[in-house]
Amino acid sequence: MNVMKQSVQTTETILERTHEHEQIIFCNDPETNLKAIIAIHNTTLGPALGGCRMHPYRTVDEALEDVLRLSKGMTYKCAAADVDFGGGKAVIIGNPVTDKTPNMFRSFGQFVDSLNGRFYTGTDMGTSTDDFIHASKETNCIVGIPEAYGGGGDSSIPTALGVIYGLKATNKAVFSTTDLSGKTYIIQGLGKVGYKVAEQLLEAGADLYVSDINQEAVKAIQEHAKQVGSIARFVSGDEVYSVDADIFIPCAFGGVINDETIEKLKVKAIVGSANNQLLLESHGKLLKQKGILYAPDYIVNAGGLIQVADELYNYNKERVLTKTKSIYTSLLEIYKEAELDNITTIEAANRFCEKRIDERRKQNSFFTHTKRPKWSIRK
Ligand SMILES: NC(=O)C1=CN([C@@H]2O[C@H](COP(=O)(O)OP(=O)(O)OC[C@H]3O[C@@H](n4cnc5c(N)ncnc54)[C@H](O)[C@@H]3O)[C@@H](O)[C@H]2O)C=CC1
Ligand SMILES: O=C(O)CCC(=O)C(=O)O
């Protein structure tokens with residue numbers, strides 16, 4: 001009896017905790033050791049679209065928290081980038097270095113397919129385009145696979161480009177120049193996105209501080225720095241927040257901007273690809289009080305989304321580059337609005353996205369005619 005009561009309460013707690021989301025799918029396949037969660041946050045703008053992360057979460061609770069936050073972020077990212085998709089994301093519980101198998105990703109593809117076009121997915125932290133070649137054998141709802149397999153290719157390339165445009169806009173706002181040289185940047189995470197950002201900054205003549213638990217990536221970027229006559233100094237995970245530099249570029253995990261790290265930060269701005277950089281929205285206020293300009297993560301890192309969304313409309317490289325470039329102007333507009341209304345940059349960005357979603361919800365309020373959705377091109 002007590003056990004029954006407890007389990008009912010637990011279910012209610014989960015429903016309360018996920019009340020902002022439309023649908024949560026828990027996926028278990030003992031044959032392939034797949035344990036995954038797919039979260040669909042909001043499909044007002046279209047079917048959910050968002051990458052799949054693989055991480056050795058310590059508990060299912062930690063994985064659930066991550067996927068809830070990531071999928072909500074995708075709803076805002078889609079609205080800001082003006083693509084007709086909604087917010088969704090997936091997480092696979094496991095170590096990306098030791099636990100991956102092709103069959104695990106085929107199994108994941110089967111779960112995605114069972115959603116019948118409500119969720120499209122591709123790479124994120126801990127997953128690669130190769131993983132999704134396996135998943136794409138089971139479903140058409142995979143994006144970001146190589147062009148040779150019918151996809152648009154590695155989405156971290158436009159993501160990194162978007163970060164560079166974000167850095168130019170922020171340099172313009174803080175230092176009155178779009179020139180990236182002559183400044184020092186701290187990059188946390190030299191993975192698919194961070195490494196490409198580091199290369200482009202070094203080539204532009206910037207000095208870097210870099211931090212990654214993967215020493216191979218650190219060595220490789222230091223070698224690249226030597227070749228182009230710049231410097232990439234290694235800093236440990238503890239030191240990364242207190243380095244005296246101009247801009248902090250988080251390109252690894254979320255929640256890195258919190259009470260503890262804000263106290264240490266000496267930079268003038270934060271512009272990075274990591275999703276959910278602010279542990280809480282209130283940390284945006286603390287940054288503002290400290291005079292640190294925060295570039296909202298989902299504006300800066302939208303390049304990958306722009307590319308994978310475009311794949312679903314018949315991919316066009318020029319269009320992707322033009323839309324990615326517009327991250328520069330979007331960010332400057334957000335900085336301006338935040339200043340005018342004396343609000344934080346994340347408040348200004350959220351307000352813009354919520355307005356766009358509300359307007360679309362109203363437009364969808366009456367039936368016109370049966371139409372084939374644009375996004376079913378590949379069905
Ligand atoms: N791949 C993409 O196109 C997009 C990625 N993002 C976000 O950008 C971030 C990075 O994504 P990817 O580069 O794709 O991931 P990735 O898995 O390729 O790279 C992550 C890097 O962070 C490093 N790392 C892990 N723990 C660390 C720690 N404690 N300190 C320093 N480095 C650490 C890893 O060793 C790895 O080199 C993630 O938050 C992801 O959600 C956002 C939009 C698109
Ligand atoms: O970049 C991608 O492959 C998909 C978009 C996404 O998941 C993201 O922007 O976080």
Side-chain angles (χ1 to χ4, degrees), residues 3-44 47-78 85-100 104-105 107-115 118-127 131-132 135 139 141 189 250 252-258 274-283 297-298 301 305 350:
V3 172
M4 183 90 155
K5 207 169 163 191
Q6 199 177 7
S7 81
V8 169
Q9 278 176 356
T10 308
T11 309
E12 279 172 2
T13 313
I14 287 180
L15 283 175
E16 255 168 47
R17 184 166 160 204
T18 61
H19 77 277
E20 283 186 35
H21 287 69
E22 287 178 14
Q23 193 178 7
I24 320 286
I25 303 98
F26 290 86
C27 316
N28 274 307
D29 179 10
E31 289 301 321
T32 62
N33 280 330
L34 174 77
K35 285 191 186 305
I37 312 175
I38 298 170
I40 297 179
H41 176 255
N42 186 302
T43 57
T44 305
L49 173 60
C52 170
R53 175 173 289 195
M54 185 163 181
H55 184 75
Y57 295 102
R58 284 166 299 182
T59 60
V60 173
D61 203 63
E62 199 178 278
L64 179 62
E65 188 58 28
D66 206 25
V67 78
L68 292 177
R69 274 166 61 84
L70 288 165
S71 53
K72 182 174 177 183
M74 289 309 296
T75 298
Y76 283 77
K77 197 182 303 191
C78 288
F85 291 93
K89 203 93 181 182
V91 295
I92 295 179
I93 302 171
N95 186 324
V97 181
T98 53
D99 296 344
K100 272 182 192 175
M104 176 186 276
F105 278 86
S107 172
F108 177 69
Q110 288 174 337
F111 280 105
V112 171
D113 203 53
S114 73
L115 293 169
R118 260 177 72 69
F119 177 58
Y120 289 79
T121 193
T123 59
D124 190 69
M125 198 168 162
T127 57
D131 300 330
F132 287 96
T139 178
C141 298
F253 45 89
V256 291
I257 308 300
N258 53 50
N275 279 307
N276 299 329
Q277 290 164 31
L278 302 179
L279 183 63
L280 302 169
E281 212 180 294
S282 57
H283 289 117
D297 45 10
Y298 64 77
N301 69 16
L305 166 72
N350 286 351

Notebook entry, point to check: Would you say the side chains of Asn42 and Thr75 form a donor-acceptor pair under 3.5 Å?
Noted result: no

Notebook entry, point to check: Do Cys52 and Lys89 come within less than 4.5 Å of each other through their side chains, counting heavy atoms only?
Noted result: no

Checklist line | NZ/NE/NH1/NH2 to OD/OE distance under 4.0 Å, Asp61 and Arg17 | finding: yes

Margin query: Pairing donors with acceptors under 3.5 angstrom, does anything connect the side chains of Glu31 and Ser107?
Written below: no

Next item on the list: Kindly indicate whether the side chain of Phe119, heavy atoms from C-beta on, has any atom under 4.5 Å from the side chain of Pro47.
Entry: no

Next item on the list: Flag yes if more than 12 heavy atoms outside Lys35 fall under 6.0 Å of its NZ atom; otherwise flag no.
Entry: no

Margin query: Pairing donors with acceptors under 3.5 angstrom, does anything connect the side chains of Asn275 and Tyr298?
Written below: no

Checklist line | Flag side-chain contact, heavy atom, 4.5 Å: Thr127 against Phe105 | finding: yes

Margin query: Are Thr121 and Leu49 packed together at the side-chain level, in the sense that at least one heavy-atom pair is separated by less than 4.5 angstrom?
Written below: no

Check: Do Ile38 and Val91 come close enough that some side-chain heavy atom pair is under 4.5 Å?
Finding: no

Check: What's the spacing between Gln277 CD and Asn258 CG if we round to 0.5 Å?
Finding: 12.0 Å

Check: Are Ile40 and Ser71 close enough that some pair of their side-chain heavy atoms sits under 4.5 Å apart?
Finding: no

Check: How many angstroms lie between CD1 in Ile24 and CG in Leu64, if you round to the nearest 0.5 Å?
Finding: 6.5 Å

Notebook entry, point to check: Going through the checks in order, is the side chain to side chain contact (heavy atoms under 4.5 Å, CB included) test met by Lys77 and Asp297?
Noted result: CA-CA 9 Å; Lys77 197 182 303 191; Asp297 45 10; over 6 Å; no

Next item on the list: Report the C-alpha separation of Val112 and Tyr120 in whole Å, then their side-chain angles, then the decisive distance to 0.1 Å, and conclude whether the side chain to side chain contact (heavy atoms under 4.5 Å, CB included) test is met.
Entry: CA-CA 8 Å; Val112 171; Tyr120 289 79; over 6 Å; no

Item checked: Side-chain donor-acceptor pair present, Asn350, Glu281, cut-off under 3.5 Å -> yes

